[in-house]
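For the numbers below, each heavy atom of this structure counts, side chains included, while hydrogens, waters and symmetry mates do not.
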Amino acid sequence: MYKSRNRSKPLHGIRLPVRYTLQDYPAQPQPQQPLKRHHTARYYAHRVRESFTNRVIKILCTIFLSLVLFVGIVLFILWLSLRPHRPRFHIVDFTVPGLVQPSGFENALISFNVTDRNSNQHIGIYYDSVVGSVFYKDQQIGSAPLMDPFFQEPKTTTIMYGTFTGATLTVSSNRWKEFMDARQQGTVVFRLEITSVIRFRITTWDSQHHKMHVNCDVAVGQDGSILPAWKNKKCPVYFS
């Protein structure tokens, strides 16, 4: 009996191709298409009305801020133009003629000349009575009224004259000796003070009253006349 020599060999180490079908792969999720929303006419009307309201609010805010800025600039310009400036005083002349005489205190006399400038463009100044006083080493040696009440127009200059003598000038022989000692050094320094109560007038409006003080330091030479360095010197002004 014929026996086949072909024997089945074991399939060790041999890889057989494996075929997959579509059923073997997991199903991939499909991208979802965005759903289109269909808005109603009422929705679009609301959006248009809201946009219109926002625009109106922005326009009104812009107009309001512009008006505020404009009014602020106008008020600032008015404040600069109508702000009162203090009067300006300058010492023009100051004389103690008796200094050339050792016994000059017997007929002691002090005279002075001061200018008062109102530099305001549209503001006048009311003065109550004006009083002048003279000091030496912070000790008052004379005082007298200078002017009666008056009104000073804008952009005008008033000249104030004054003389201290006799009862308005209290100088003892000891004080006069101090003058003479200082004169030997070449300079005698005095202080002239002018006081008054003033108020500013803007058209029909009057300001409150201010107590004005003007301090003019002034020096005279050996001849009793004001020294050139002190002539036309500006005097500080302050209110109290």
Participant: Side-chain heavy atoms under 4.5 angstrom apart, residues restricted to Ile, Leu, Val, Met, Phe, Trp, Tyr: same cluster for F94 and V92?
Facilitator: no
Participant: Looking only at heavy atoms, what is the nearest atom pair of F112 and T163, with distance?
Facilitator: CE2-N, 4.4 Å
Participant: Is the shortest side-chain heavy-atom distance between Y238 and V214 below 4.5 Å?
Facilitator: no
Participant: Do V188 and Y136 have side chains that approach each other closer than 4.5 Å (heavy atoms only, starting at C-beta)?
Facilitator: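 Side chain of V188 against side chain of Y136, heavy atoms only: contact under 4.5 Å found.
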Participant: For the pair K155 (side chain) and S119 (backbone), establish whether a donor and an acceptor sit closer than 3.5 Å, ignoring hydrogens and angles.
Facilitator: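 Yes, the answer is positive, given that a donor and an acceptor are paired below the 3.5 Å cut-off.
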Participant: Nearest 0.5 Å, what's the CE-CD1 distance between M147 and I194?
Facilitator: 10.0 Å
Participant: For E178, check salt bridge (charged side-chain N to carboxylate O under 4.0 Å, His left out) against everything at least two apart and list the hits.
Facilitator: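 E178 satisfies salt bridge (charged side-chain N to carboxylate O under 4.0 Å, His left out) with R175 once adjacent residues are dropped.
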Participant: Residues in salt bridge (charged side-chain N to carboxylate O under 4.0 Å, His left out) with K177, at least two apart?
Facilitator: D181
Participant: Taking all non-hydrogen atoms of both residues into account, name the closest pair between P87 and I198 and its distance.
Facilitator: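 Shortest heavy-atom separation between P87 and I198 comes out as CD-CD1, 4.3 Å.
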Participant: Do L146 and V134 belong together in a cluster built from hydrophobic side chains that touch within less than 4.5 Å?
Facilitator: yes
Participant: Excluding sequence neighbours, so at least two apart, what forms side chain to side chain donor-acceptor pair (under 3.5 Å) with S240?
Facilitator: H213
Participant: Taking only distance into account, with no hydrogens and no angle test, what donor-acceptor pairs under 3.5 Å do side-chain atoms of residues 216-227 form with protein atoms, sequence neighbours excluded?
Facilitator:
from, atom 1, to, atom 2, distance (Å)
Q222, NE2, R183, O, 3.3
D223, OD1, S225, N, 3.1

Participant: Suppose we screen for side-chain contact (heavy atoms from CB on, under 4.5 Å). Which residues come up paired with P149, at least two apart in sequence or across chains?
Facilitator: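 With sequence neighbours excluded, P149 shows a side-chain contact (heavy atoms from CB on, under 4.5 Å) to S129, given in chain and number order.
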Participant: Restricting to side chain to side chain donor-acceptor pair (under 3.5 Å), what partner residues turn up for Y127, sequence neighbours left out?
Facilitator: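 Y127 satisfies side chain to side chain donor-acceptor pair (under 3.5 Å) with D116, Q152 once adjacent residues are dropped.
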Participant: Any non-hydrogen side-chain atom of T158 less than 4.5 Å from a side-chain atom of T115?
Facilitator: no
Participant: Can you find a pair of side-chain heavy atoms, one from F190 and one from F179, that are under 4.5 Å apart?
Facilitator: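 They are in side-chain contact.
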Participant: Might you work through the side chain to side chain contact (heavy atoms under 4.5 Å, CB included) test for Y126 and H209, ending with a clear yes or no?
Facilitator: CA-CA 9 Å; Y126 281 108; H209 291 78; over 6 Å; no
Participant: Not counting sequence neighbours, which residues clear salt bridge (charged side-chain N to carboxylate O under 4.0 Å, His left out) with R199? List them please.
Facilitator: D206
Participant: The criterion is side chain to side chain donor-acceptor pair (under 3.5 Å); which residues satisfy it with R117, sequence neighbours excluded?
Facilitator: T157
Participant: Might you point out which heavy atoms bring D93 and T95 nearest each other, and give the distance in Å?
Facilitator: OD1-OG1, 3.6 Å
Participant: With sequence neighbours excluded, what pairs up with F64 under the side-chain contact (heavy atoms from CB on, under 4.5 Å) test?
Facilitator: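 F64 satisfies side-chain contact (heavy atoms from CB on, under 4.5 Å) with V68 only.
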Participant: Could you pull out the closest heavy-atom pair between T170 and Q140, with the gap in Å?
Facilitator: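 In terms of heavy atoms, the two residues are closest at OG1-O, 4.4 Å.
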Participant: Does any pair with a residue in residues 129-151 pass salt bridge (Lys or Arg N to Asp or Glu O under 4.0 Å), and if so which ones, sequence neighbours excluded?
Facilitator: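 Qualifying pairs: D138-R191.
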Participant: At what distance, to the nearest 0.5 angstrom, does CZ of R86 lie from CD1 of I125?
Facilitator: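 Between atom CZ of R86 and atom CD1 of I125 there are 11.5 Å.
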Participant: Just by modelled atom types, is the K58 backbone N or O under 3.5 Å from a matching donor or acceptor in the T62 side chain?
Facilitator: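 Side chain of T62 to backbone of K58: a pair is present.
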Participant: Do F151 and R201 have side-chain heavy atoms sitting under 4.5 Å apart?
Facilitator: yes
Participant: Check whether F150 and M212 end up in the same hydrophobic cluster, where Ile, Leu, Val, Met, Phe, Trp and Tyr are linked by side-chain heavy atoms less than 4.5 Å apart.
Facilitator: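 Yes, F150 and M212 fall within the same hydrophobic cluster.
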Participant: Tell me if the OH atom of Y161 is crowded by more than 12 foreign heavy atoms within 6.0 Å.
Facilitator: no
Participant: Shortest non-hydrogen contact from V131 to S143?
Facilitator: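 That would be CG1-OG, 3.8 Å.
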Participant: Starting from the C-alpha separation in whole Å, work towards a yes-or-no answer on side chain to side chain contact (heavy atoms under 4.5 Å, CB included) for N113 and I159.
Facilitator: CA-CA 7 Å; N113 179 353; I159 301 176; 3.2 Å; yes
Participant: Among all residues two or more places apart in sequence or in another chain, which pass the ring pair (Phe, Tyr, Trp, His ring centres under 6.0 Å) test with F89?
Facilitator: none
Participant: Applying side chain to side chain contact (heavy atoms under 4.5 Å, CB included), run through V130 and M160 and close with a yes or a no.
Facilitator: CA-CA 9 Å; V130 182; M160 296 184 180; 4.1 Å; yes
Participant: According to side chain to side chain donor-acceptor pair (under 3.5 Å), who are the partners of N118, at least two apart in sequence or on a separate chain?
Facilitator: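 So N118 forms a side chain to side chain donor-acceptor pair (under 3.5 Å) with N120.
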Participant: If you compare all heavy atoms of L109 against all heavy atoms of P97, which two are closest, and at what distance to 0.1 Å?
Facilitator: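 Closest approach of L109 to P97: O-CD, 3.3 Å.
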Participant: Hey, mind stepping through F135 and E193 against side chain to side chain contact (heavy atoms under 4.5 Å, CB included) and telling me if it holds?
Facilitator: CA-CA 8 Å; F135 294 80; E193 183 181 63; 3.8 Å; yes
Participant: Could you tell me whether a side-chain N or O of T165 sits under 3.5 Å from a main-chain N or O of A108, the two making a donor and an acceptor?
Facilitator: yes
Participant: Do the non-hydrogen side-chain atoms of L67 and L65 ever get within less than 4.5 Å of each other?
Facilitator: no
Participant: Does F70, at its CZ atom, have more than 12 non-hydrogen atoms belonging to other residues, nucleotides or ligands within less than 6.0 Å?
Facilitator: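 Check fails, neighbour count at 12 or below.
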